[in-house]
Amino acid sequence: MNHTRTITRTALGAAAVLLLAGCSPAAPAIDALDRDATPADTLPADVTMGDLTADDLRSVRNLATHNGVRYYVAESANKRTACITGYPEKSPKKWFTGCGELSRTDREIVTVSMNGVATAMLVPDNLVATDALTTGYERIHTNIYVAANAGQIPGA
């Protein structure tokens, strides 16, 4: 009889673990980087993206252009880091970049700014940053929000 209880408890425990595993949250992602690259996705020659390697930079995609600023996004090959670069077409020397951990689905990855140019926030897929929208940002791409008042972080 004890042997039967052990088997039942073990089977129930294993079933609970399998159910919980099925409920684990999805890993944060930027699915827009999965498309094939085009010539428009080429990062300008004078621009770097944090500590991303040449291999990582194969993932660079131009995800949006807004108010004369091109927004490039890339992620590390291990998908632990993601970066965004703003490249102002009329002032190319004022490009800006920032990288952050691609570890959570419930918050932004990184927010970067270049005074007088733009402030941009990179977010993972499926995150709607309602707080950002109510504090002066606008969504220009599934993964990119920009401050409406160029170059200034709302509330700063």
Side-chain angles (χ1 to χ4, degrees), residues 13-14 16-89 91-115 117-148 150-156:
V17 168
L18 288 174
L19 287 172
L20 289 174
C23 296
S24 63
I30 302 173
D31 289 342
L33 301 179
D34 294 339
R35 68 170 170 75
D36 289 337
T38 68
D41 296 318
T42 303
L43 196 62
D46 58 333
V47 175
T48 60
M49 293 184 92
D51 292 331
L52 294 185
T53 67
D55 189 42
D56 297 333
L57 291 176
R58 291 182 189 160
S59 70
V60 171
R61 299 294 180 271
N62 179 356
L63 297 189
T65 299
H66 181 74
N67 290 340
V69 179
R70 286 185 259 159
Y71 292 96
Y72 296 92
V73 175
E75 66 186 1
S76 60
N78 64 13
K79 299 194 182 282
R80 291 185 181 161
T81 302
C83 301
I84 183 169
T85 295
Y87 188 82
E89 295 168 339
S91 301
K93 291 183 181 191
K94 290 188 176 182
W95 63 270
F96 55 100
T97 195
C99 301
E101 279 189 44
L102 189 57
S103 61
R104 295 181 54 175
T105 59
D106 64 340
R107 56 172 287 226
E108 79 275 0
I109 298 164
V110 65
T111 300
V112 296
S113 181
M114 170 56 84
N115 232 2
V117 178
T119 298
M121 178 189 306
L122 178 63
V123 300
D125 291 346
N126 303 316
L127 176 68
V128 177
T130 52
D131 287 348
L133 292 171
T134 61
T135 59
Y137 281 84
E138 62 182 295
R139 191 175 198 172
I140 62 166
H141 180 273
T142 301
N143 303 101
I144 302 171
Y145 290 76
V146 296
Q152 300 297 318
I153 298 172

Q.
According to side-chain contact (heavy atoms from CB on, under 4.5 Å), who are the partners of Asp31, at least two apart in sequence or on a separate chain?
A. Ala29, Asp34, Asp125
(Q) Do Cys99 and Val110 make a side-chain contact, defined as non-hydrogen atoms from C-beta onward lying under 4.5 Å apart? (A) no
Q: Please name the pair of heavy atoms, one in Tyr145 and one in Ala132, separated by the smallest distance, quoted to 0.1 Å.
A: CD2-CB, 4.5 Å
(Q) Minimum heavy-atom separation for Thr119 and Ser113, please, with both atom names. (A) OG1-OG, 3.0 Å
Q | Residues Val73, Arg61; criterion side-chain contact (heavy atoms from CB on, under 4.5 Å); working and verdict | A | CA-CA 6 Å; Val73 175; Arg61 299 294 180 271; 5.8 Å; no
Name each donor-acceptor pair under 3.5 Å that joins a side chain in residues 36-46 to protein atoms two or more places apart or in another chain, with its distance.
unit_1	atom_1	unit_2	atom_2	d
Thr38	OG1	Ala40	N	3.4
Thr38	OG1	Asp41	OD2	3.2
Asp41	OD1	Arg35	NH2	2.9
Asp41	OD1	Asn62	N	2.8
Asp41	OD2	Arg35	NH1	2.7
Asp41	OD2	Thr38	N	2.8
Thr42	OG1	Pro39	O	3.1

Q: Kindly give the heavy-atom pair with the smallest separation between Val60 and Ala74, and that separation in Å.
A: CG2-CB, 3.6 Å
(Q) Are the side chains of Trp95 and Thr48 in contact, using a 4.5 Å heavy-atom criterion? (A) yes
Could you give the side-chain donor-acceptor pairs of residues 49-58 under 3.5 Å, partners two or more places apart or in another chain?
unit_1	atom_1	unit_2	atom_2	d
Thr53	OG1	Asp55	N	3.4
Thr53	OG1	Asp56	N	3.1
Thr53	OG1	Asp56	OD2	3.1
Asp55	OD1	Arg58	NH1	3.0
Asp56	OD1	Ala77	N	2.7
Asp56	OD2	Thr53	N	2.9

Q) Side chains of Leu127 and Thr105: closer than 4.5 Å at any heavy-atom pair? A) no
Q.
Let me confirm one number: the OG1-OH distance from Thr130 to Tyr137, rounded to the nearest 0.5 Å.
A. 14.0 Å
Q.
If I take atom CE from residue Met121 and atom CZ from residue Arg107, how far apart are they, to the nearest 0.5 angstrom?
A. 10.5 Å
Q) Applying salt bridge (charged side-chain N to carboxylate O under 4.0 Å, His left out), which residue pairs with at least one partner in residues 94-106 are found, sequence neighbours left out? A) Arg104-Asp106
**Q.** Partner residues of Ile140 under the side-chain contact (heavy atoms from CB on, under 4.5 Å) criterion, sequence neighbours left out
**A.** Ala64, His66, Tyr71, Glu138, Ile144, Val146
Q.
Let me confirm one number: the CG-CG distance from Leu63 to Leu33, rounded to the nearest 0.5 Å.
A. 6.0 Å
For a quick test of your reading: what N or O donor-acceptor pairs under 3.5 Å do the side chains of residues 79-89 make, sequence neighbours left out?
unit_1	atom_1	unit_2	atom_2	d
Lys79	NZ	Glu75	OE2	2.6
Thr85	OG1	Thr97	OG1	2.7
Glu89	OE2	Arg70	NE	3.3

